[in-house]
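Written out below as structure tokens is the structure these notes cover.
Quick note: numbers below take in every heavy atom, side chains included, and nothing from hydrogens, waters or symmetry partners. Heads up: numbering here begins at 1 and tracks the sequence.
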Amino acid sequence: MIKFSTKNAGLLEGELEKIQPQVEAAYNTLMNRSGAGAEMLGWLNLANEYDKEEFARLKSAAKKIQSDSDVLVSIGIGGSYLGARAGIEFVFGPFANQLAKDRDGVEVYFAGSNISSSYVQNIFDIIGDRDFSVNVISKSGTTTEPAVAFRLFKEKLEEKYGKEAAKDRIYCTTDGNKGALHDMAIEEGYERFVVPDATGGRFSCLTAVGLLPMAAAGMDLDEIMRGLSDATEKYNNPDFMTNDVMKYAACRTIMLSRGKVIEILANYEPSLTMFGEWYKQLFAESEGKEHKGIFPVSANFSTDLHSIGQFIQDGARNMFETVIWVDKPQTDLTVPNDEANVDGLNFASGKTMQFMNQQAMRGTMLAHVDGGTPNLTVNLDELSSYTFGELVYFFWKVLALSAYMLGVNPFDQPGVEAYKKNMFALLGKPGFEDMKADLEARL
């Protein structure tokens with residue numbers, strides 16, 4: 001269960017009530033599907049509208065992968081990989097692959113999010129002679145980074161198993177009706193799953209885009225969807241005073257009005273590191289338009305308190321923090337006593353690491369608030385498949401309301417195309433020849 005608190009946000013009396021009409025207007029725009037990008041609201045009621053037949057096929061495909069493979073290579077970029085990787089580490093931790101044998105899951109490695117040959121070769125080396133399958137995720141099939149990776153891994157599969165047998169190890173998640181990958185999957189006979197038309201990449205991790213790699217890793221898809229369903233019901237609530245999604249969106253708008261143009265999503269569990277990466281894409285691609293928006297960054301405490309902590313404490317006062325705290329760790333250890341006490345740590349003897357972590361969180365929060373960095377908190381009772389589904393929906397809805405209050409379309413990303421055009425021209429892609437000479441002259 002999610003609990004949201006503004007206790008250390010430094011809000012003035014009546015400040016939330018003052019902004020309430022603006023939040024309610026954004027909420028009505030979202031729920032009435034009358035705002036910009038409304039055609040991309042497939043995630044809004046996904047819990048009740050997902051394809052049950054495909055869902056069953058996803059679970060069957062995951063079981064097949066678990067039975068015939070040691071490794072699944074998930075190929076995609078942006079929203080096509082961030083959510084799945086965030087979910088796997090959310091539940092199983094940063095050593096999920098090393099501990100895969102301890103659960104009913106396979107190792108999952110992510111490719112196609114960069115153009116590094118060393119990175120791909122490292123995955124080849126990790127796989128070695130073991131059995132593997134590939135899930136290529138792309139709505140078009142022509143996005144450069146995943147397309148390059150798919151060529152390389154497809155070649156490896158066909159070398160190892162032969163062209164016919166390799167077909168049974170390739171799973172395509174793509175457009176339901178058109179596109180290069182869609183056509184290839186039909187022609188080659190690969191099993192196909194659909195990227196829904198009304199669900200953009202950064203809102204797609206609870207569709208086939210994220211569900212297949214998460215299920216192959218051992219996550220419980222039914223529990224994910226139960227968390228999604230419960231969150232949908234909970235936050236489909238127009239009462240501002242009892243809807244934490246609306247309150248969070250209101251607080252973000254208030255912070256921006258105070259010149260707080262950076263939001264730090266901070267956590268105290270390494271399992272949440274990739275969730276921070278997912279959050280950055282969700283908010284940056286959705287809000288960063290028309291020279292507007294709050295710049296999203298993530299931090300992993302207490303680790304980053306020894307790197308960027310000084311800046312958060314004493315640097316420019318243009319930021320606020322949203323802290324995710326997990327009440328119940330997946331395990332807890334107790335600090336032993338040492339008679340010599342060379343490290344001076346015996347004051348902590350007998351205390352659990354979770355207790356120490358909590359005091360670090362509380363002390364840090366108060367220090368940052370005292371230094372001029374307001375804090376919001378999001379409490380989770382535990383890290384599980386259920387709470388992952390719940391938390392994803394929570395942030396989806398906060399983002400949508402925040403963006404509508406900001407006055408931008410939350411569901412497009414026009415700026416992403418700029419680098420692609422330049423890259424295509426420099427690579428000599430047909431149709432971009434006129435740009436190449438000018439770009440080369442500038443470099």
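With hydrogens and angles disregarded, no donor-acceptor distance shorter than 3.5 Å links the side chain of Ser229 to the backbone of Met225. Of the possible donor and acceptor atoms, none in the side chain of Lys280 sits under 3.5 Å from a partner among the backbone N and O of Ser298. In this structure, Arg57 contributes its side chain and Arg192 its backbone to a donor-acceptor pair below 3.5 Å. The backbone N or O of Glu269 sits less than 3.5 Å from a side-chain atom of Asn267, completing a donor-acceptor pair. Side chain of Gln281 to main chain of Leu82: no donor-acceptor pair is present (N/O by atom type, distance under 3.5 Å, no hydrogens or angles). Looking only at distances, no side-chain donor or acceptor of Lys163 sits under 3.5 Å from a matching main-chain atom of Glu159. In this structure a side-chain-to-backbone donor-acceptor pair under 3.5 Å is missing from Arg202 to Ala284. Of the possible polar contacts, one joining the Asn243 side chain to the Tyr235 backbone as a donor-acceptor pair under 3.5 Å is found. Thr387 places a side-chain N or O within 3.5 Å of a backbone atom of Glu382 that can act as its donor or acceptor partner. Looking only at distances, a side-chain donor or acceptor of Asn114 sits under 3.5 Å from a matching main-chain atom of Ser116.
Of all the heavy atoms in Ile264 and Ala299, the pair that sits closest is CG2-CB, 3.7 Å. Residues Pro410 and Leu399 approach most closely at CB-CD1, 4.1 Å, considering heavy atoms. Heavy atoms only, all atoms of each residue included: Val108 and Asn97 are closest at N-OD1, 2.7 Å. Contact detail for Ala348 and Val335: the closest heavy-atom pair is O-CB, 3.5 Å. Across Ile137 and Ser74, no two heavy atoms sit closer than the pair CD1-OG, 3.5 Å. Across all non-hydrogen atoms, the minimal contact from Phe388 to Ala86 is CE1-C, 4.0 Å.
The distance from the CZ atom of Phe150 to the OG1 atom of Thr143 is 13.5 Å, given to the nearest 0.5 Å. Atom NZ of Lys351 sits about 15.0 Å away from atom CG of Asn357, to the nearest 0.5 Å. How far OG1 of Thr199 is from CE of Met40: 6.5 Å, rounded to the nearest 0.5 Å. Between the OG atom in Ser385 and the CG atom in Leu221 there is a gap of 8.0 Å [rounded to 0.5 Å].
Residues Met1 and Lys3 have side chains in contact (heavy-atom distance under 4.5 Å, counting atoms from C-beta outward). At least one side-chain heavy atom of Val326 sits under 4.5 Å from a side-chain heavy atom of Leu272. Contact check for Phe301 versus Val323: no side-chain heavy atoms found under the 4.5 Å cut-off. Side-chain contact between Thr273 and Pro94: absent, with no pair of heavy atoms (C-beta onward) separated by less than 4.5 Å. Taking the side chain as every heavy atom from C-beta outward, Lys292 and Leu256 never approach each other to under 4.5 Å. Looking only at side-chain heavy atoms (C-beta outward), Pro374 and Lys260 come within less than 4.5 Å of each other. Two residues are said to be in side-chain contact when any heavy atoms from C-beta on lie closer than 4.5 Å; Met219 and Leu211 fail this criterion. With a 4.5 Å cut-off on side-chain heavy atoms, Asp131 and Tyr161 count as touching.
Not counting sequence neighbours, Asp327 has no partner by the salt bridge (Lys or Arg N to Asp or Glu O under 4.0 Å) test. Residues satisfying the salt bridge (Lys or Arg N to Asp or Glu O under 4.0 Å) criterion with Glu223, sequence neighbours excluded, are Arg226. Under the side-chain contact (heavy atoms from CB on, under 4.5 Å) criterion, Thr253 pairs with Ile19, Gln22, Met405, not counting sequence neighbours. A search for ring pair (Phe, Tyr, Trp, His ring centres under 6.0 Å) contacts involving Tyr171 returns nothing, not counting sequence neighbours.
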Notebook entry, point to check: Are Leu282 and Phe203 close enough, and set up right, to give a side-chain contact (heavy atoms from CB on, under 4.5 Å), and what steps lead you there?
Noted result: CA-CA 8 Å; Leu282 177 67; Phe203 294 85; 3.8 Å; yes

Note to self: Could you go through Lys234 and Asp244, starting from their C-alpha distance and side-chain angles, then the distance that decides it, and tell me whether this counts as salt bridge (charged side-chain N to carboxylate O under 4.0 Å, His left out)?
What the structure shows: CA-CA 9 Å; Lys234 181 176 180 179; Asp244 285 341; 5.2 Å; no

Next item on the list: Determine, step by step, whether Phe283 and Phe295 satisfy the ring pair (Phe, Tyr, Trp, His ring centres under 6.0 Å) criterion, reporting the C-alpha distance in whole Å, the side-chain angles of both residues, the deciding distance to 0.1 Å, and the verdict.
Entry: CA-CA 8 Å; Phe283 281 79; Phe295 186 68; over 10 Å; no

Next item on the list: Applying side-chain contact (heavy atoms from CB on, under 4.5 Å), run through Phe92 and Gln330 and close with a yes or a no.
Entry: CA-CA 9 Å; Phe92 301 121; Gln330 292 176 333; over 6 Å; no

Notebook entry, point to check: Which is it for Leu58 and Phe193 under the side-chain contact (heavy atoms from CB on, under 4.5 Å) test, yes or no, and what are the steps along the way?
Noted result: CA-CA 8 Å; Leu58 284 166; Phe193 300 100; 3.6 Å; yes

Next item on the list: Would you check, one step at a time, whether the test side-chain contact (heavy atoms from CB on, under 4.5 Å) holds for Asp304 with Ser307?
Entry: CA-CA 5 Å; Asp304 286 340; Ser307 59; 3.5 Å; yes

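Ring geometry, Phe275 versus Phe90: the interplanar angle falls from 30° to 60°, so the pair is classed tilted. Using bins of under 30°, 30° to 60° and over 60° for the plane-to-plane angle, the ring pair Trp43/Phe411 lands in the tilted bin.
A salt bridge (charged side-chain N to carboxylate O under 4.0 Å, His left out) check over residues 168-177, counting only residues at least two apart or in different chains, returns the pairs Asp68-Arg169, Lys139-Asp175, Asp175-Lys178. Among residue pairs with one or both ends in residues 420-443, those qualifying as ring-ring contact (aromatic ring centres under 6.0 Å, His included) are Phe424-Phe432; sequence neighbours excluded.
Residues Thr322 and Tyr248 have side chains that bring a donor and an acceptor to within less than 3.5 angstrom of each other. The closest side-chain donor-acceptor pair between Ser204 and Thr207, if any, does not fall under 3.5 angstrom. With no hydrogens or angles considered, a side-chain donor-acceptor pair links Thr173 and Asn135 at under 3.5 Å. Between the side chains of Ser140 and Thr142, a donor-acceptor pair is found at a separation under 3.5 Å.
Within 6.0 Å of CD in Gln98 there are more than 12 heavy atoms belonging to other residues, nucleotides or ligands. Open room surrounds CZ on Phe95; 12 or fewer heavy atoms of other groups in view lie less than 6.0 Å from it. By the neighbour-count criterion of 12 heavy atoms within 6.0 Å, atom CG of Asp338 is densely surrounded, having more than that number from other residues, nucleotides or ligands. More than 12 heavy-atom neighbours from other residues, nucleotides or ligands sit within 6.0 angstrom of CZ on Arg103.
At a threshold of 4.0 Å, the pair Glu191-Lys64 does not count as salt-bridged, since none of the basic side-chain nitrogens sits closer than that to a carboxylate oxygen. Note on Lys154 versus Glu188: no salt bridge recorded, every NZ/NE/NH1/NH2 to OD/OE distance being 4.0 Å or above.
With a 6.0 Å cutoff to the six-membered ring centre and a 45° limit on the axis angle, Lys247 does not count as a cation-pi contact of Phe4.
Results of the side-chain contact (heavy atoms from CB on, under 4.5 Å) test with Val245 over Trp396, Tyr393, Phe395, Phe394 single out Phe394 as the only residue that passes.
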